[in-house]
Protein chains: 2
Amino acid sequence: MMSSASSAEQLRDRLRSRGLRWTPQRRTLLVVLEAAQGHVTGAELVERCRAIDPATTPSTVYRTLDVLEDLGIVQHGHGADGREEFHVRPEQEHGHLHCAACGGTWEIDEREATTIVNSFREERGFEVDLSHVTVVGLCRECSSAGNQQPGSSA
Amino acid sequence: MMSSASSAEQLRDRLRSRGLRWTPQRRTLLVVLEAAQGHVTGAELVERCRAIDPATTPSTVYRTLDVLEDLGIVQHGHGADGREEFHVRPEQEHGHLHCAACGGTWEIDEREATTIVNSFREERGFEVDLSHVTVVGLCRECSSAGNQQPGSSA
DNA sequence: GGCCTTGTTGCAACCCGTGGCAATAAAGTA
DNA sequence: TACTTTATTGCCACGGGTTGCAACAAGGCC
Ligand SMILES: [Mn+2]
Ligand SMILES: [Mn+2]
Ligand SMILES: [Zn+2]
Ligand SMILES: [Zn+2]
């Protein structure tokens, strides 16, 4: 009634129009993604798919995530430890700030990133992918508490 | 003659003064690091240690790298894929820029990072660890050639 | 519906680390 | 040197993710 094409139908058509295929495994992941929001790791997505279809295979999920990323449906970044984190339907593109001492994380929104993005664009012609940015360091509390960056105890 | 304490002796004494120990495995890694420069992955360091001592175990190498990082002797960052990369005696602290299309990488030196570092410090009180920064996006050539960020094909 | 092309899946093996645990061995002390 | 403490090692099993490959199946076509 409201919209004649469900999210699944839209994706199915976008895949088909590119010669790609609509499979049960992809449908499962889409269902999971529709129920998710914010940040999720790849491993979590695999688990959630398994909750729907226990036969889910990690490689299939990761390969499908690659496809969905090409389509702009998800974006991945990396936590401070380098592990993947997926942004699912973020309200707006953003990066992350991570405190190495307390483990806190904060989002870097587009406004805050403007300076950075513009300076790389102007000085280098480099287009920053903000969603892939994770800046590690010490938050205000931790740095004023005298905590150290890993490696600054020289 | 020139300096009475070799690099190994210096490290040995720093470890002992902290109640830590000077072991053959650590000596092997030190030898490898002294022969290295620039960027090396953890896996490469393991291989190079094995070239000296085939009995080298990965966990020992990684644990020793943690210790050396605490001492400020190495610093790690992450490549665009999240894998560890160690900075061995960098001439100066720096971050990295990585083009998602051509795979090119460039260093972000302290001068170039000043704007970023200062803006996080002033707006957030956050102290950025520049050596841990990897910014991914599109370089000038790739972005003007119309290449796409992964995920911008929506 | 049946046929074909070829994109996709599942499997297995692999890579990069990490962490618990019991055995080993630095190194300070007597 | 012998003894003692405890940091470190090696081993093993695991977590997260990637990849080659043969079998499978989506879906366009008749
Ligand atoms: Mn890290
Ligand atoms: Mn990445
Ligand atoms: Zn903190
Ligand atoms: Zn490029």
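Here is how names work: the chains are called A, B, and so on, in the same order as the sequence lines, proteins then strands, and each is numbered from 1. Only a predicted model underlies this, so the values are computations on that prediction, with no experimental measurement involved.
Spacing between atom CZ of B:Arg26 and atom P of C:dA25 amounts to 15 Å, rounded to whole angstrom units. Atom CG of A:Leu68 and atom C1' of C:dT8 are 14 Å apart (whole Å). Protein atom CG of A:Leu30 is 14 Å distant from nucleotide atom P of C:dT8, rounded to whole Å. Rounded to whole Å, the distance from CG on A:Asp66 to P on D:dG17 is 12 Å. For A:Arg27 and C:dT9, the CZ to P distance is 14 Å, given to the nearest whole Å. Distance, B:Phe86 CZ to C:dG17 C1': 10 Å, rounded to whole Å. The separation between B:Leu65 atom CG and C:dG17 atom C1' is 11 Å, rounded to whole Å.
The number of heavy atoms from other shown groups lying within 6.0 Å of CD (A:Glu123) is above 12.
Judged by distance alone, the side chain of B:Arg89 and the main-chain N or O of B:Leu33 form a donor-acceptor pair under 3.5 Å. Side-chain N or O atoms of A:Arg21 include none that pairs as donor or acceptor with a backbone N or O of A:Leu15 at under 3.5 Å.
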Interface polar pairs with nucleotides 27-30 of chain D, N/O, under 3.5 angstrom:
unit_1 : atom_1 : unit_2  : atom_2 : d
D:dG27 : OP1    : A:Arg16 : NE     : 2.9
D:dG27 : OP1    : A:Trp22 : N      : 2.7
D:dG27 : OP2    : A:Arg16 : NH2    : 2.5
D:dG27 : O5'    : A:Arg16 : NE     : 3.4

Query raised in the report: Taking it one step at a time, do B:Ser7 and B:Glu34 satisfy side chain to side chain contact (heavy atoms under 4.5 Å, CB included)?
Result: CA-CA 9 Å; B:Ser7 173; B:Glu34 280 177 340; 2.7 Å; yes
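Residue A:His78 forms a side-chain hydrogen bond (donor to acceptor under 3.5 Å, both in side chains) with just one option from A:His132, A:Arg83, A:His96, and that option is A:His132.
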Query raised in the report: In the 5'-to-3' direction, what one-character label does each nucleotide of nucleotides 10-16 of chain C receive under the scheme B = base within less than 4.0 Å of a protein heavy atom, S = sugar-phosphate only, - = no such atom?
Result: BB----S
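Shown here are the salt bridge (Lys or Arg N to Asp or Glu O under 4.0 Å) partners of B:Arg27, two or more places apart in sequence or in another chain: there are none.
Proximity of the aromatic rings of B:His94 and B:His39 is defined here by a centroid distance below 6.0 angstrom, and this criterion is met.
A donor atom on one side chain and an acceptor atom on the other are not found under 3.5 Å apart for B:His87 and B:His76.
Between A:Tyr62 atom OH and A:Leu45 atom CG the span is 8.0 Å, to the nearest 0.5 Å.
At a threshold of 4.0 angstrom between heavy atoms, the contacts of B:Gly19 are confined to the sugar-phosphate backbone, with no base atom among them.
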